[in-house]
Amino acid sequence: MTAALISRAKGRRAAAAIGAVSLGLLTLSACEKPTELTTVTVGSTTLTSEAIPGCDGDGKALSEKQIASCVSQNGGKSVEVHAGEKVRIGVDPAIAKAGWYVVAGDPVLRAPSNDTYRTFDGDKLFQRTNPQTGQVSYLKEVTLLIGKLAKGQGQGTETMWHFQLKAKD
(Lines give C-alpha, C1' and ligand atoms only; values in the text may rest on other atoms or scores of the structure.)
Protein backbone atom coordinates (compact mmCIF):
# COMPACT_ATOMS: atom_id res chain seq x y z
CA MET A 1 0.00 0.00 0.00
CA THR A 2 2.80 2.43 0.80
CA ALA A 3 4.45 1.53 -2.51
CA ALA A 4 1.28 2.59 -4.33
CA LEU A 5 1.19 5.93 -2.44
CA ILE A 6 4.86 6.61 -3.21
CA SER A 7 4.28 5.76 -6.87
CA ARG A 8 1.26 8.12 -7.05
CA ALA A 9 3.25 10.90 -5.39
CA LYS A 10 6.03 10.56 -7.96
CA GLY A 11 3.46 10.67 -10.75
CA ARG A 12 1.85 13.79 -9.28
CA ARG A 13 5.23 15.51 -8.90
CA ALA A 14 6.14 14.64 -12.50
CA ALA A 15 2.77 15.92 -13.76
CA ALA A 16 3.17 19.10 -11.69
CA ALA A 17 6.68 19.64 -13.09
CA ILE A 18 5.49 19.14 -16.67
CA GLY A 19 2.60 21.52 -16.03
CA ALA A 20 4.91 24.17 -14.57
CA VAL A 21 7.32 23.93 -17.50
CA SER A 22 4.44 24.16 -20.00
CA LEU A 23 2.98 27.16 -18.19
CA GLY A 24 6.40 28.84 -18.10
CA LEU A 25 6.91 28.35 -21.85
CA LEU A 26 3.41 29.61 -22.58
CA THR A 27 4.04 32.69 -20.46
CA LEU A 28 7.34 33.41 -22.23
CA SER A 29 5.83 33.01 -25.67
CA ALA A 30 2.96 35.32 -24.73
CA CYS A 31 5.48 38.03 -23.79
CA GLU A 32 7.02 38.21 -27.24
CA LYS A 33 5.65 41.01 -29.35
CA PRO A 34 4.57 39.71 -32.78
CA THR A 35 6.68 41.01 -35.64
CA GLU A 36 4.85 43.33 -38.02
CA LEU A 37 5.25 42.25 -41.62
CA THR A 38 4.77 43.86 -44.99
CA THR A 39 4.10 41.95 -48.19
CA VAL A 40 4.72 42.84 -51.84
CA THR A 41 3.11 40.81 -54.62
CA VAL A 42 3.98 41.15 -58.30
CA GLY A 43 2.27 38.68 -60.62
CA SER A 44 2.55 35.30 -58.89
CA THR A 45 5.57 36.28 -56.76
CA THR A 46 4.95 37.27 -53.15
CA LEU A 47 7.66 38.59 -50.83
CA THR A 48 7.23 39.13 -47.09
CA SER A 49 9.62 41.14 -44.97
CA GLU A 50 10.26 42.13 -41.39
CA ALA A 51 11.48 45.64 -40.59
CA ILE A 52 14.90 46.76 -41.80
CA PRO A 53 17.44 45.89 -39.04
CA GLY A 54 17.83 48.90 -36.77
CA CYS A 55 14.77 50.61 -38.28
CA ASP A 56 12.11 49.67 -35.75
CA GLY A 57 11.55 52.45 -33.26
CA ASP A 58 9.47 50.13 -31.04
CA GLY A 59 6.71 52.68 -30.56
CA LYS A 60 8.87 55.79 -30.91
CA ALA A 61 9.69 57.89 -33.96
CA LEU A 62 13.04 57.25 -35.62
CA SER A 63 15.52 60.13 -35.60
CA GLU A 64 16.50 61.82 -38.88
CA LYS A 65 19.89 60.08 -38.64
CA GLN A 66 18.22 56.67 -38.22
CA ILE A 67 15.88 57.33 -41.16
CA ALA A 68 18.82 58.34 -43.38
CA SER A 69 20.61 55.13 -42.38
CA CYS A 70 17.49 53.04 -43.09
CA VAL A 71 16.97 54.62 -46.51
CA SER A 72 20.60 54.08 -47.53
CA GLN A 73 20.76 50.40 -46.53
CA ASN A 74 21.20 48.01 -49.43
CA GLY A 75 19.52 44.68 -49.67
CA GLY A 76 15.97 43.71 -49.15
CA LYS A 77 14.11 41.04 -51.04
CA SER A 78 14.03 41.55 -54.79
CA VAL A 79 11.35 41.04 -57.45
CA GLU A 80 11.13 41.77 -61.18
CA VAL A 81 8.32 43.99 -62.45
CA HIS A 82 7.30 43.71 -66.10
CA ALA A 83 5.93 46.74 -67.96
CA GLY A 84 2.24 47.22 -67.16
CA GLU A 85 2.24 44.93 -64.10
CA LYS A 86 0.55 45.86 -60.85
CA VAL A 87 2.44 45.90 -57.55
CA ARG A 88 0.30 44.95 -54.57
CA ILE A 89 1.37 45.94 -51.06
CA GLY A 90 -0.14 44.48 -47.90
CA VAL A 91 0.56 45.49 -44.32
CA ASP A 92 -0.39 44.13 -40.89
CA PRO A 93 -3.53 45.69 -39.38
CA ALA A 94 -1.42 47.42 -36.68
CA ILE A 95 0.56 49.20 -39.42
CA ALA A 96 -2.65 50.20 -41.20
CA LYS A 97 -4.15 51.55 -37.97
CA ALA A 98 -1.12 53.79 -37.38
CA GLY A 99 -0.94 54.86 -41.03
CA TRP A 100 1.71 54.04 -43.61
CA TYR A 101 3.30 55.46 -46.74
CA VAL A 102 5.27 54.23 -49.75
CA VAL A 103 8.28 55.79 -51.46
CA ALA A 104 9.84 54.41 -54.63
CA GLY A 105 11.44 56.64 -57.30
CA ASP A 106 9.11 59.38 -55.96
CA PRO A 107 6.61 59.38 -53.09
CA VAL A 108 3.78 57.10 -54.18
CA LEU A 109 0.91 58.06 -51.87
CA ARG A 110 -0.32 61.63 -51.57
CA ALA A 111 -1.45 60.99 -48.00
CA PRO A 112 -0.76 58.17 -45.52
CA SER A 113 -2.97 55.11 -45.96
CA ASN A 114 -4.96 53.27 -43.30
CA ASP A 115 -5.78 50.38 -45.65
CA THR A 116 -4.21 46.96 -45.15
CA TYR A 117 -3.85 46.48 -48.91
CA ARG A 118 -3.12 48.80 -51.85
CA THR A 119 -2.43 48.25 -55.55
CA PHE A 120 -0.04 50.43 -57.57
CA ASP A 121 0.83 50.75 -61.24
CA GLY A 122 4.30 49.19 -61.48
CA ASP A 123 5.45 51.63 -64.18
CA LYS A 124 4.81 54.62 -61.91
CA LEU A 125 6.99 53.16 -59.17
CA PHE A 126 10.04 53.49 -61.43
CA GLN A 127 9.41 57.17 -62.20
CA ARG A 128 11.67 59.86 -60.83
CA THR A 129 10.69 63.50 -61.30
CA ASN A 130 13.36 66.20 -61.38
CA PRO A 131 12.07 68.79 -58.88
CA GLN A 132 13.66 71.70 -60.77
CA THR A 133 12.58 70.88 -64.33
CA GLY A 134 9.62 68.58 -63.74
CA GLN A 135 11.13 66.15 -66.27
CA VAL A 136 10.31 62.50 -65.63
CA SER A 137 12.93 59.77 -66.00
CA TYR A 138 12.60 56.03 -65.48
CA LEU A 139 14.86 53.96 -63.26
CA LYS A 140 15.86 50.35 -63.99
CA GLU A 141 15.88 49.46 -60.29
CA VAL A 142 14.24 51.11 -57.32
CA THR A 143 14.08 50.54 -53.58
CA LEU A 144 10.46 50.42 -52.45
CA LEU A 145 10.32 51.83 -48.91
CA ILE A 146 7.31 51.30 -46.70
CA GLY A 147 7.11 53.41 -43.56
CA LYS A 148 4.82 53.13 -40.54
CA LEU A 149 3.89 56.44 -38.97
CA ALA A 150 4.71 56.97 -35.32
CA LYS A 151 1.78 57.43 -32.96
CA GLY A 152 -0.22 60.48 -33.94
CA GLN A 153 -0.23 61.50 -37.60
CA GLY A 154 2.66 63.77 -38.49
CA GLN A 155 4.86 62.49 -35.67
CA GLY A 156 7.48 60.95 -37.97
CA THR A 157 8.31 57.40 -38.98
CA GLU A 158 8.38 54.56 -36.46
CA THR A 159 9.35 51.55 -38.60
CA MET A 160 10.62 50.98 -42.14
CA TRP A 161 10.66 48.03 -44.55
CA HIS A 162 12.19 47.81 -48.00
CA PHE A 163 12.06 45.71 -51.15
CA GLN A 164 14.08 45.94 -54.37
CA LEU A 165 12.05 46.27 -57.58
CA LYS A 166 13.78 45.62 -60.91
CA ALA A 167 12.22 46.78 -64.17
CA LYS A 168 11.96 43.96 -66.69
CA ASP A 169 11.18 44.73 -70.34
Side-chain angles (χ1 to χ4, degrees), residues 30-169:
C31 292
E32 288 185 29
K33 181 179 169 187
T35 303
E36 296 174 333
L37 301 173
T38 58
T39 303
V40 171
T41 302
V42 178
S44 62
T45 303
T46 299
L47 305 174
T48 301
S49 180
E50 294 182 350
I52 302 168
C55 301
D56 183 358
D58 199 26
K60 298 177 188 134
L62 298 171
S63 69
E64 287 183 28
K65 184 177 179 181
Q66 287 173 306
I67 290 173
S69 171
C70 296
V71 168
S72 66
Q73 284 189 33
N74 291 327
K77 296 181 179 181
S78 178
V79 65
E80 290 183 345
V81 181
H82 294 272
E85 272 191 308
K86 300 291 183 191
V87 176
R88 294 164 180 83
I89 299 174
V91 300
D92 277 358
I95 298 169
K97 184 177 180 182
W100 58 283
Y101 61 88
V102 178
V103 176
D106 286 330
V108 178
L109 295 170
R110 293 177 194 253
S113 177
N114 291 106
D115 298 326
T116 57
Y117 177 82
R118 297 287 301 259
T119 301
F120 301 95
D121 179 10
D123 297 334
K124 291 190 179 201
L125 296 177
F126 291 94
Q127 288 181 357
R128 171 146 304 148
T129 306
N130 183 322
Q132 295 173 339
T133 64
Q135 185 176 4
V136 175
S137 60
Y138 290 89
L139 304 169
K140 283 292 199 185
E141 187 172 332
V142 68
T143 300
L144 179 78
L145 289 166
I146 301 169
K148 175 184 176 185
L149 297 177
K151 290 187 177 22
Q153 298 275 344
Q155 298 299 316
T157 300
E158 177 185 319
T159 309
M160 296 181 81
W161 298 261
H162 65 81
F163 298 88
Q164 293 299 118
L165 303 180
K166 296 180 180 183
K168 185 76 174 175
D169 296 327

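Because the structure is a prediction, the values reported are computed rather than measured. Both backbone and side-chain heavy atoms feed into the values below; hydrogens, waters and symmetry mates do not.
For the side chain to side chain contact (heavy atoms under 4.5 Å, CB included) with Val108, the lone residue among Val87, Val102, Ile89 that qualifies is Val102.
Note on residues 132-144: pairs passing side chain to side chain donor-acceptor pair (under 3.5 Å), not counting sequence neighbours, are Gln127-Tyr138, Lys140-Asp169, Glu141-Gln164, Thr143-Gln164.
In this structure a side-chain-to-backbone donor-acceptor pair under 3.5 Å is missing from Glu80 to Lys166. Looking at Asp123, its side chain never comes within 3.5 Å of a backbone N or O of Ala83 through a donor-acceptor pair. Judged by distance alone, the side chain of Trp161 and the main-chain N or O of Cys55 form no donor-acceptor pair under 3.5 Å.
Considering OG1 of Thr48 and NZ of Lys77, their distance stands at 6.0 Å, rounded to 0.5 Å. Glu36 CD to Lys148 NZ: the interatomic distance, rounded to the nearest 0.5 Å, is 3.5 Å. Rounding to the nearest 0.5 angstrom, the gap separating the SG atom in Cys70 from the CE atom in Met160 is 6.0 Å.
With no hydrogens or angles considered, a side-chain donor-acceptor pair links Thr46 and Thr41 at under 3.5 Å.
In this structure, the side chains of Val81 and Leu125 stay at 4.5 Å or more apart for every pair of heavy atoms.
Around the CD atom of Glu50, the shell of radius 6.0 Å holds no more than 12 heavy atoms that belong to other residues, nucleotides or ligands.
When the side chain to side chain donor-acceptor pair (under 3.5 Å) test is applied to Thr159, the partners found at least two apart in sequence or on another chain are Asp56.
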